[in-house]
Amino acid sequence: MKKIMPVYGTRPEAIKVAPIIKALQDADDFDCVVTVTGQHREMLDQVNELFGIEPDHDLNIIQPRQTLNMVMAKTIDGLDAILEQEQPDAVVVQGDTTTSTAGAIAAFNRGIPVVHVEAGLRSFNIFSPFPEEANRKMTSQISSLHLAPTSVSKANLLREAVNEDDVYVSGNTVIDALLDVVDKKVPFEDEALQNVQKAVEGGQKLVLVTTHRRENQGDAMRGVGRALARLSETHPDVLFVLPAHKNPVVREAILPFLEGKTNVVVTEPVAYGQFTHLISLANVVLTDSGGVQEEAPGLGKPVLVMRENTERPEAVTAGTVRLIGTDEERVYNEVTELLTDSAAYERMSNAVNPYGDGNAARRTLSAIRELLGTGKREAEFDDGLGN
Ligand code: UD1
Ligand code: UDP
């Protein structure tokens, strides 16, 4: 038995690592020890609960308005004793959060191989997204196995002279998670969302909005708030739903603009199964989220991304995702176009799925076996992009 320790701390990591944890738990040749840092709390627990994952270790590091250095320091310090105690054969980290990079550093410093899930994403701007572009590059420097979701991310790693034998295209586990829940059309617990569903079924249009990125906080996010307020006034027949991130900085920037708007529904973070149901009801998705950019294209939903760049160019190339930045006027105009110009809408609403086929977790296990000398890798995921 090889002991594998996934380490994660935020909502998106939890969603994307859950299929791997399930596969490890189902396999006879692995012992899976789950460690969470608690960089997020409610938003992390919501995902673990949905997928029935009970962590073996929980550092519970969260603090209101935590700084990057607090998260980094508490994670590395807290993990050290757990790694000493558990002596895993490999540590699995996901993506580009501070938990992820701190987890990789803690494992590397103890000589434990790091498996990096969702490796090789690059925006090519070290300050955007901040600090994620730097985090994922740092993790790439110290990982033993780089699980690239697509051929685009593999090519990025090879350009950085990462050893080709250590890179493997697995597909993105977010599609495994999505396919696990989306067809269930999980019923909404929140009455306001139940009413949204009825309205959509009655023919009303829905714009689904999420925002949280650190580099958008402040003026940019206030501009988005103003754009949403104007959109809700000029399109009184359209519903706007914003599941608000728990970060108080985000809420303070955006929510004051939405008060009293009867066609704007602001909710707490929506549990993942219900959130994918919400995406499936939406006409337009307006977001700065990484994960939502990967999920919505698979469901044929046009995605307007409130960022200047993206490390996920695959669906932009396919035409389903458009980068629009955060300028108030641009956000207003782009959403208006998709709500009023059916030809423009049709052009963006093709279902594309370059990110995965639902088998990324199985492939990931095969690559871990090869890393640890107990098996052979499966064929790589073919994203059809020909890179
Ligand atoms: C983090 C990640 C970001 C990821 C995002 C997903 C870093 C640097 N950032 O950003 O890459 O896209 O998660 O959402 O790792 N909070 C709660 N409860 C929660 C979650 C957050 O109260 O369940 C509040 C806390 O006050 C916390 C603040 O939100 O201090 C910010 O959380 P933090 O993890 O530092 O940053 P995010 O913006 O969530
Ligand atoms: N998500 C969710 N509930 C919500 C909003 C988002 O379950 O209310 C999911 C979404 O489907 C995606 C993930 O959370 O899988 C994205 O998380 P977030 O936007 O916080 O982080 P990012 O992906 O930008 O790192």
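The basis for the numbers below is simple: all heavy atoms, side chains too, and nothing from hydrogens, waters or symmetry mates. Whatever order the structure lists them in is the order used to number ligands and atoms, beginning at 1.
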Where is the nearest protein heavy atom to atom 39 (O) of ligand 1: which residue, which atom, and how far? His40 NE2, 2.7 Å
Criterion salt bridge (charged side-chain N to carboxylate O under 4.0 Å, His left out) against Glu118, the qualifying member of Lys154, Arg312, Arg136: Arg312
Could you identify the single nearest non-hydrogen protein atom to atom 4 (C) of ligand 1 and state the distance to 0.1 Å? His212 CE1, 3.7 Å
Just checking, is any N or O donor in the side chain of Asn216 or Thr326 under 3.5 Å from an acceptor N or O on the other one? no
The atoms of ligand 1 lying under 4.0 Å from a heavy atom of Arg65, numbered in the order shown, are 26 (O), 30 (O)
Which protein non-hydrogen atom lies closest to atom 7 (C) of ligand 1, naming both residue and atom, and how far is it? Gln39 NE2, 3.4 Å
Taking distance alone, with N or O pairs closer than 3.5 Å, would you say Glu132 contacts ligand 1? yes
Judged by modelled atom types alone, do Arg122 and Ser140 share a side-chain donor-acceptor pair under 3.5 Å? yes
Taking only heavy atoms of Pro12 into account, list the atoms of ligand 1 that are under 4.0 Å away from them. 6 (C)
Give the numbers and elements of all ligand 1 atoms closer than 4.0 Å to a heavy atom of Arg41. 19 (C), 23 (O)
Determine, for Asp45 against Arg41, whether the closest basic-nitrogen to carboxylate-oxygen distance falls under 4.0 angstrom. yes
Is a side-chain N or O of Lys2 found less than 3.5 angstrom from the main chain of Phe30, in a donor-acceptor match? no
Measuring from non-hydrogen atoms of Ile62 to any atom of ligand 1, is the shortest distance under 4.0 Å? yes
Structural part of Pro248 in contact with ligand 1, heavy atom criterion under 4.0 angstrom: side chain
What one should report as the nearest heavy-atom pair of Phe51 and Lys22 is O-NZ, 3.0 Å
Thr99-Gln39 side chain donor-acceptor pair, cut-off 3.5 Å: yes
Non-hydrogen atom of Gln46 closer than 4.0 Å to ligand 1: no
Which atoms of ligand 1 are found less than 4.0 Å from any heavy atom of Thr98? 7 (C), 8 (C), 15 (O)
Check this for me: does any side-chain nitrogen of one of Lys16 and Glu294 sit under 4.0 Å from a carboxylate oxygen of the other? yes
Apply the test side-chain hydrogen bond (donor to acceptor under 3.5 Å, both in side chains) to residues Asp180 and Tyr272: give CA-CA distance (whole Å), side-chain angles for both, the deciding distance (0.1 Å), then the verdict. CA-CA 11 Å; Asp180 193 20; Tyr272 183 61; over 6 Å; no
For atom 14 (O) of ligand 1, grab the closest protein heavy atom and report residue, atom and distance to one decimal in Å. His245 NE2, 3.0 Å
Any heavy atom of Val71 closer to ligand 1 than 4.0 angstrom? no
Would Arg11 count as being in polar contact with ligand 1, using the rule that some N or O on each side must be under 3.5 angstrom apart? no
Which ligand 1 atoms, with their elements, are less than 4.0 angstrom from a heavy-atom of Glu42? 17 (C), 18 (N), 19 (C), 22 (O), 23 (O)
Ligand 1 N/O within reach of Leu68 N/O, cut-off under 3.5 Å: no
Return yes or no for this condition: an N or O of Thr10 is under 3.5 Å from an N or O of ligand 1. no
With a 4.0 Å cut-off, would you call Arg363 and Glu380 a salt bridge? no
Which is it for Glu86 and His57 under the side-chain hydrogen bond (donor to acceptor under 3.5 Å, both in side chains) test, yes or no, and what are the steps along the way? CA-CA 10 Å; Glu86 295 284 359; His57 302 279; 2.7 Å; yes
State, with a plain yes or no, whether a side-chain heavy atom of Gln197 is found less than 4.5 Å away from one of His277. yes
Please output the residues near ligand 2 using a strict heavy-atom distance under 4.0 Å, listed in chain and residue-number order. Arg11, Pro12, Ile15, His212, Arg213, Pro243, Pro269, Val270, Tyr272, Phe275, Ser289, Gly290, Gly291, Val292, Glu295
Tyr345 and Thr340: side chain donor to acceptor below 3.5 Å: no
Just going by heavy-atom distances, which of Gln63, Arg214, Gln217 is nearest to atom 25 (C) of ligand 1? Gln63
Test your reading of the model: is there a side-chain donor-acceptor pair from Asp383 to the backbone of Ser151, 3.5 Å cut-off? yes
I'd like to know if the side chain of Asn172 and the backbone of Pro149 have a donor-acceptor N/O pair within less than 3.5 Å. no
Does the distance from a Lys or Arg side-chain N to an Asp or Glu carboxylate O, for Arg330 and Glu337, drop under 4.0 Å? no
In the protein, what heavy atom is nearest to atom 16 (N) of ligand 1, and what distance, to one decimal place, separates them? Lys246 CB, 3.7 Å
Nearest protein heavy atom with distance in Å, relative to atom 35 (O) of ligand 1: Gln66 NE2, 3.0 Å
Look at atom 38 (O) of ligand 1 and say which protein heavy atom is nearest, naming residue and atom and giving the distance to 0.1 Å. Asn247 ND2, 3.8 Å
If only atom types and distance count, is the side chain of Gln217 paired as donor or acceptor with the main-chain N or O of His212 below 3.5 Å? yes
Backbone, side chain, both or neither: what part of Pro131 comes under 4.0 angstrom of ligand 1, heavy atoms only? side chain
